[in-house]
2 protein chains.
Amino acid sequence: MARPRKPLLSRERIIEAASALVDSEGLGAVSTRRLAAELGVSGPSLYNHFRNKDEILDAVADSVSAQVDLSMFDESDPRDWAAALHDWAVSYRAALAAHPHIVPVLAQGPGRRPAGLRVADAAFGGMVRAGWPPAQATYIGALTRYFVTGSALGSFARGFVDDETAYDPADYPHLGQAHLLAEHRQQVDEGAFETGLRALLDGLALQYERMVTGSGTVRRTPNRG
Amino acid sequence: MARPRKPLLSRERIIEAASALVDSEGLGAVSTRRLAAELGVSGPSLYNHFRNKDEILDAVADSVSAQVDLSMFDESDPRDWAAALHDWAVSYRAALAAHPHIVPVLAQGPGRRPAGLRVADAAFGGMVRAGWPPAQATYIGALTRYFVTGSALGSFARGFVDDETAYDPADYPHLGQAHLLAEHRQQVDEGAFETGLRALLDGLALQYERMVTGSGTVRRTPNRG
DNA sequence: ACCTGAACACCGTTCAAGT
DNA sequence: ACCTGAACACCGTTCAAGT
């Protein structure tokens, strides 16, 4: 068979297959030949639909960005920026943590990826509408992405081996329980994410208060500092 | 030449060469053959010193962890945990941001890498000494690592292309200035990191206050809600 | 012990050839 | 337009052979 009447491939089918492969076996398992085999075609066929392998992985990353909920930015009262930021971070992390192996690609930034750009646009717009100056709104988008991608990139708990003899107390006096982290993976990772997100939001609320009161529009009296 | 009197290679020389290659051309440029060529030997020679390529990259990652300053945890007054945490995060980020291409490897966690474990041990120990319960101390180590690795993994600013026509206002109403981010890369990335770190520390200080006052050991009166 | 070349089973990508 | 096999320049790793 040279060329079939109906195309055997489409960008969508390729992205789906690549995504499944990335999720199940990691980035290292994605080769154009392997991917083509999963799709029942020969390796070079992919090049009719994507310029190269990187473009395929970019598309997989963008399909993950497309799963991030952004509704909190257009539905909410702009004064509820902290609640919107919270919900965004939770949704953002859920989307990425479901596909951790693609996070290094995604973390390179949106570039020209449409879904990634929609995420950045919505978050920045939401913060500006809430009254944050553009520079601060940019920082908030960036720092939230830092925290979310960092938390999705690698499980903290799984970063320690499940081997009681691995962490010699003579070398690491405080890691006596570290080998237990793996068993409590979900609790540790979620606890750390929630604790960090709560701290970020509380800290940003303080900055927001200082900004608002400092600029003359006093909403309430400062209670710190 | 089969075997020279003095070994041509050592783990240290291999790590140095691999590190230089990762820094200059990225993870993708590191192949065992290329690395061996840079060292003036044939490809398989590396296998006398490392079990496989992954072990070489692990060693490169650990050499970066070894550059993280940890002195703030043993020198400081434990009550200055927030100052120590700040200084640690800054040093941690500086080490990683100097070698961004290895961050995905490093972010997989310390595993059995000695320098990575020393980092985790020192931070956890510092927080426990300051009075944080073990679970919270674990969260703080984890969330700080999330934020730092996320910020070092990819420049936020460089994630946008430097092309005025790239971001159509019809699609992305708030990204009209996004193409300018690249020029202000350093300011944006540092501003976001500092803003986020400040917010994290302020937020954690609130949690610490609540914990201390809630447990009966009142250090000072709460001044928030 | 530490290096070598040969060999194996892979890669990403190009390209002429087929329909 | 869309697929194929052949081909090119690569990979990581093993292994027997050399000193």
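Order of the sequence lines fixes the chain letters, A, B, ..., with proteins taken first and strands second; residue numbering starts at 1 for each chain.
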Parallel, tilted or perpendicular: rings of Phe193(A) and Phe147(A) (30°, 60°): parallel
Ignoring the backbone of Pro7(A), work out which of dG12(D), dC3(D), dT13(C) is nearest its side chain. dC3(D)
From OG (Ser10(A)) to CG (Asn48(A)), nearest 0.5 Å: 12.5 Å
Pairing of Arg34(B) and Glu38(B) as salt bridge, 4.0 angstrom limit: yes
Here the distance between atom P of dC3(D) and atom CZ of Phe50(A), to the nearest Å, is 12 Å
Given Watson-Crick or G-U pairs with both distances under 3.5 Å, what dot-bracket string fits DNA chain D, with | for other-strand pairs and [ ] for crossing? ||.|||||...|||||.||
Between the side chains of Asp163(B) and His179(B), does any donor sit under 3.5 Å from an acceptor? no
Can you spot which of Arg185(A), Gln187(A), Gln186(A) makes a side chain to side chain donor-acceptor pair (under 3.5 Å) with Asp189(A)? Arg185(A)
Can you see if the side chain of His49(B) gets near the phosphate of dA1(C) - specifically, an N or O under 4.0 Å from OP1 or OP2? no
For DNA chain C, the residues among residues 32-43 of chain A that have a non-hydrogen atom under 4.0 Å from it: Thr32(A), Arg33(A)
In this structure, how many angstroms lie between the C1' atom of dT4(D) and the CG atom of Leu46(A), rounded? 13 Å
Here the distance between atom P of dT14(C) and atom CZ of Arg51(A), to the nearest Å, is 11 Å
Could you state the atom-to-atom distance from CG of Leu9(B) to C1' of dC2(C) in whole Å? 9 Å
OP1 or OP2 of dC2(D) sitting under 4.0 Å from any side-chain N/O of Ser45(A)? no
Which value, rounded to the nearest 0.5 Å, describes the distance between Glu190(B) atom CD and His184(B) atom NE2? 14.0 Å
Which whole-number value in Å describes the distance from Arg13(A) CZ to dC2(D) C1'? 14 Å
Rounded to the nearest angstrom, tell me the gap between atom CG in Asn48(B) and atom P in dT14(D). 12 Å
Which heavy-atom pair separates His86(B) from Arg198(B) by the least distance, and what is that distance? CD2-NH2, 4.1 Å
dA1(C) C1' sits how many Å from Lys6(B) NZ, rounded? 14 Å
Is there a side-chain contact between Asp58(A) and Arg113(A) in this structure, where contact means two heavy atoms from C-beta onward sitting under 4.5 Å apart? yes
Taking every heavy atom of Leu181(A) against every heavy atom of Ala157(A), the minimum-distance pair comes out as O-CB, 3.5 Å
Can you measure Lys53(A) atom NZ to dT13(C) atom P for me and round it to whole angstrom units? 8 Å
